Amino acid sequence: MDQIVAQAMQKWPNVPHCYGWLALDARGAWRMCDEQAQRHKLPGDKIMHTALVGFINRNYGADENGCWYFQNGPQRVYVDLELTPYIAHTDPMQGFVLQTGAAMATIESAMLTEQGQLLLIAPGQVAAVDDRDLAQCLADLRMDGNTISDEALLDWIAAPQQTLTWQKSGTTLPVTHIATENIATHFGFTQKPRQA
């Protein structure tokens, strides 16, 4: 957290929280959701200002209830998550980088949804892989140790019965199935925090 943010929190401790105005999409972009976007359930405008994106990334965290937020000075701005709290992008030097710019911790397992979304699980983190990087990641899947065809993968997604693994950097990780609607509950976060 930025020092100026911590100081603002101490100076103005009782600023009301903000809900519904900031979102993280499934490609890792921050989106500003004004009243019109909220009213019409639109994704909101992508935030393109580099300094603002960096500020959000540095001051992003979760509360004790699994609600993710951006600490904007003294105000906590809760984030609507399209998919997961983190979105991972492939990086030739660091392996996987989160939308915050941090390298992803050591990946322990992976999950695939019924829609073919790949989730990477590390200690204290779950990150969906940006769909633009998905083809590269799916090439590392193996079924019963063998390269998997697109048809076999679609069959597994529909009815996961055989052993699916993901081989990355000399490590073989188990891949399990999860329904998209169960991701938030399984990992203990709230996709759309709202005032109680």
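Because the structure is predicted, anything quoted here is derived from the model rather than measured.
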Point to revise | Audit row: Thr165, Leu173, side-chain contact (heavy atoms from CB on, under 4.5 Å) steps and yes/no | key: CA-CA 5 Å; Thr165 57; Leu173 300 172; over 6 Å; no
Review point. Given the rule in the salt bridge (charged side-chain N to carboxylate O under 4.0 Å, His left out) test, do Asp80 and Arg194 qualify, once you have shown the distances and angles that lead to the verdict?
Key: CA-CA 9 Å; Asp80 287 358; Arg194 293 297 180 266; 2.8 Å; yes
Review point. Under the side-chain contact (heavy atoms from CB on, under 4.5 Å) criterion, do Met104 and Leu120 qualify, and how do the steps go?
Key: CA-CA 9 Å; Met104 189 166 185; Leu120 304 178; 3.7 Å; yes
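Scanning for side chain to side chain donor-acceptor pair (under 3.5 Å) contacts around Glu114 gives Thr180, with sequence neighbours left out. Asp131 pairs by the side chain to side chain donor-acceptor pair (under 3.5 Å) definition with Arg27, not counting sequence neighbours. Taking the salt bridge (Lys or Arg N to Asp or Glu O under 4.0 Å) definition, one finds that Asp133 meets it with nothing, sequence neighbours left out.
Gln99 places no side-chain N or O within 3.5 Å of a backbone atom of Ala88 that could act as its donor or acceptor partner. Judged by distance alone, with hydrogens and angles left aside, the side-chain atoms of Gln191 form a donor-acceptor pair with the main-chain N or O of Glu82 at under 3.5 Å. Formation of a donor-acceptor pair under 3.5 Å by the Thr113 side chain with backbone atoms of Gln115 is found in this model. Not a single donor-acceptor pair under 3.5 Å links the side chain of Asn182 to the backbone N or O of His186. No donor-acceptor distance shorter than 3.5 angstrom exists from the side chain of Gln125 to the backbone of Ala127, with no hydrogens or angles considered. Under the 3.5 Å distance criterion, the side-chain polar atoms of Ser149 are matched with a main-chain donor or acceptor of Ala152. No side-chain donor-acceptor contact under 3.5 Å links Asn65 to the backbone of Cys67.
Residue pairs satisfying the ring-ring contact (aromatic ring centres under 6.0 Å, His included) criterion with at least one member in residues 117-149, sequence neighbours excluded, are absent. Each ring-ring contact (aromatic ring centres under 6.0 Å, His included) pair with one or both residues in residues 90-137, not counting sequence neighbours, appears once here: Phe96-Trp166. Pairs engaging residues 14-47 under the ring-ring contact (aromatic ring centres under 6.0 Å, His included) rule: His17-Tyr78, Tyr19-Tyr78, Trp30-Tyr60 [sequence neighbours left out].
A side-chain donor from one of Gln162 and Asp144 sits under 3.5 Å from a side-chain acceptor of the other.
Arg142 places a side-chain heavy atom less than 4.5 Å from the side chain of Thr147. Between Met111 and Ile121 there is a side-chain heavy-atom pair separated by less than 4.5 Å.
Distance CG/Leu24 to CG/Leu83: 9.0 Å, rounded to 0.5 Å. Interatomic distance, CD of Glu108 versus OG1 of Thr106, reported as 7.5 Å (0.5 Å rounding).
What you find for His89 and Gly28 is that their closest heavy atoms are NE2-CA, 4.4 Å. Taking each heavy atom of Phe55 and Asn72 in turn, the nearest pair found is CE2-OD1, 3.6 Å.
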